[in-house]
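Accompanying notes for the structure given below.
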Amino acid sequence: MTSGTAANYPSLAGQIVVVTGGASGIGGEMAAQFASQGARVFALDIDIAAGQALAAQCNAAGGTGGGTIAFRSCDVTDCAALQAAILAIGSEHGRIDTLVNNAANDTRHDWRTLTPDAWDACMNVNLRHHFFASQAAHPFLKAAGGGSIICLGSISWLNGTTGMVGYTTAKSAIHGLVRTLARLFGPDSIRVNALLPGWTMTERQRKLWVDAAADAEIAAKQALPGKVEPADVARLALFLAAADARMCTQQVFVVDGGWI
Ligand SMILES: NC(=O)c1ccc[n+]([C@@H]2O[C@H](COP(=O)([O-])OP(=O)(O)OC[C@H]3O[C@@H](n4cnc5c(N)ncnc54)[C@H](O)[C@@H]3O)[C@@H](O)[C@H]2O)c1
């Protein structure tokens with residue numbers, strides 16, 4: 001499929017969308033795709049250079065579809081800064097329609113030498129901010145008359161991955177968080193879902209970990225040939241944020257080429 005054949009979602013036009021980790025990788029692709037649907041995207045990230053470049057590129061293109069990307073420097077492990085950023089965006093626009101909790105760090109670590117501090121840091125960058133961003137966004141999603149929270153999980157805790165026990169533990173907890181928040185926020189018409197990518201070919205993955213052995217593993221484990229690209233994951237995020245998904249909540253949606 002090419003971008004020319006991708007779906008358009010009229011209900012995304014004009015949406016206020018917050019994407020954490022929205023400067024690069026899957027988050028950057030999601031930011032660009034939401035903007036191309038006419039949404040006003042706020043990308044929060046620690047990578048200032050990448051965030052500014054993405055926003056400049058998208059906005060110079062006239063925000064294909066009328067949307068824009070505004071980059072805000074923000075470390076999601078700093079809960080006060082994260083909540084202040086969301087409060088500023090929500091207050092400025094009177095609402096938030098979609099929150100994508102995407103920021104993460106999948107640096108590999110040896111379980112034998114993992115320290116309590118490193119464990120906590122892993123939870124903070126991969127799990128804690130999902131809750132605190134959702135907590136801060138809730139009043140603005142409610143003010144919008146309802147909305148969508150999309151939490152990026154991972155298939156890694158379901159497929160036997162062993163090289164990053166803190167990361168896989170954090171990612172599995174997102175499942176429980178999503179199911180609980182869906183119940184807590186449901187009465188306000190706020191939908192909460194988990195989106196689980198398979199092994200997705202971001203710049204970071206290609207640079208650090210995708211070698212010939214990885215190619216062979218992907219070919220052996222996926223039901224489908226080919227590789228999962230960031231655009232494949234972003235397209236499901238568009239659907240989950242759109243009115244088309246108005247009765248989808250509390251669920252896990254997987255884009256892994258049929259791995260788990
Ligand atoms: N790429 C994959 O194969 C894969 C597989 C399964 C799940 N995922 C999940 O998808 C999501 C996106 O993954 P990705 O591969 O695009 O990651 P990535 O590492 O390519 O990009 C992550 C982004 O988050 C930002 N970030 C990191 N720490 C941050 C912090 N403390 N504060 C703010 N921003 C921060 C980075 O700067 C970067 O822009 C993550 O939640 C990841 O766990 C990815």
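Atoms within each ligand, like the ligands themselves, are counted from 1 in listed order. Every value quoted in this text rests on a predicted model; they were computed, and no experiment measured them. FYI, side chains are in, hydrogens and waters are out, and symmetry mates aren't considered; it's all heavy atoms of this structure.
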Could you verify whether a donor N or O on one side chain and an acceptor N or O on the other, from Glu29 and Gln33, lie under 3.5 Å apart?
->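 Yes, side-chain donor-acceptor contact under 3.5 Å.
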Does the side chain of Thr249 pick up a donor-acceptor pair with the side chain of Arg183 at under 3.5 Å?
->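 Checked: Thr249/Arg183 side chains show no N/O donor-acceptor pair below 3.5 Å.
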Mind checking what makes side-chain hydrogen bond (donor to acceptor under 3.5 Å, both in side chains) contact with Arg246, not counting sequence neighbours?
->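 Here no residue qualifies.
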Using a strict 4.0 Å threshold on nitrogen-to-oxygen distance, state whether Glu217 and Lys227 make a salt bridge.
->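 Answer for the salt bridge query: no.
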In terms of side-chain geometry, is the basic nitrogen of Asp110 or Arg108 positioned less than 4.0 Å from the acidic oxygen of its partner?
->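 Result for this pair is no, no salt bridge flagged.
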Name the residues with a heavy atom less than 4.0 Å from ligand 1?
->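 Heavy-atom contacts below 4.0 Å: Gly21, Ser24, Gly25, Ile26, Asp45, Ile46, Asp47, Cys74, Asp75, Val76, Thr77, Asn102, Ala103, Ala104, Val125, Leu152, Gly153, Ser154, Tyr167, Lys171, Pro197, Gly198, Trp199, Thr200, Thr202, Arg204, Gln205.
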Flag, side chain of Asp75 to backbone of Thr77, donor-acceptor distance under 3.5 Å =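 Confirmed, Asp75 side chain pairs with Thr77 backbone.
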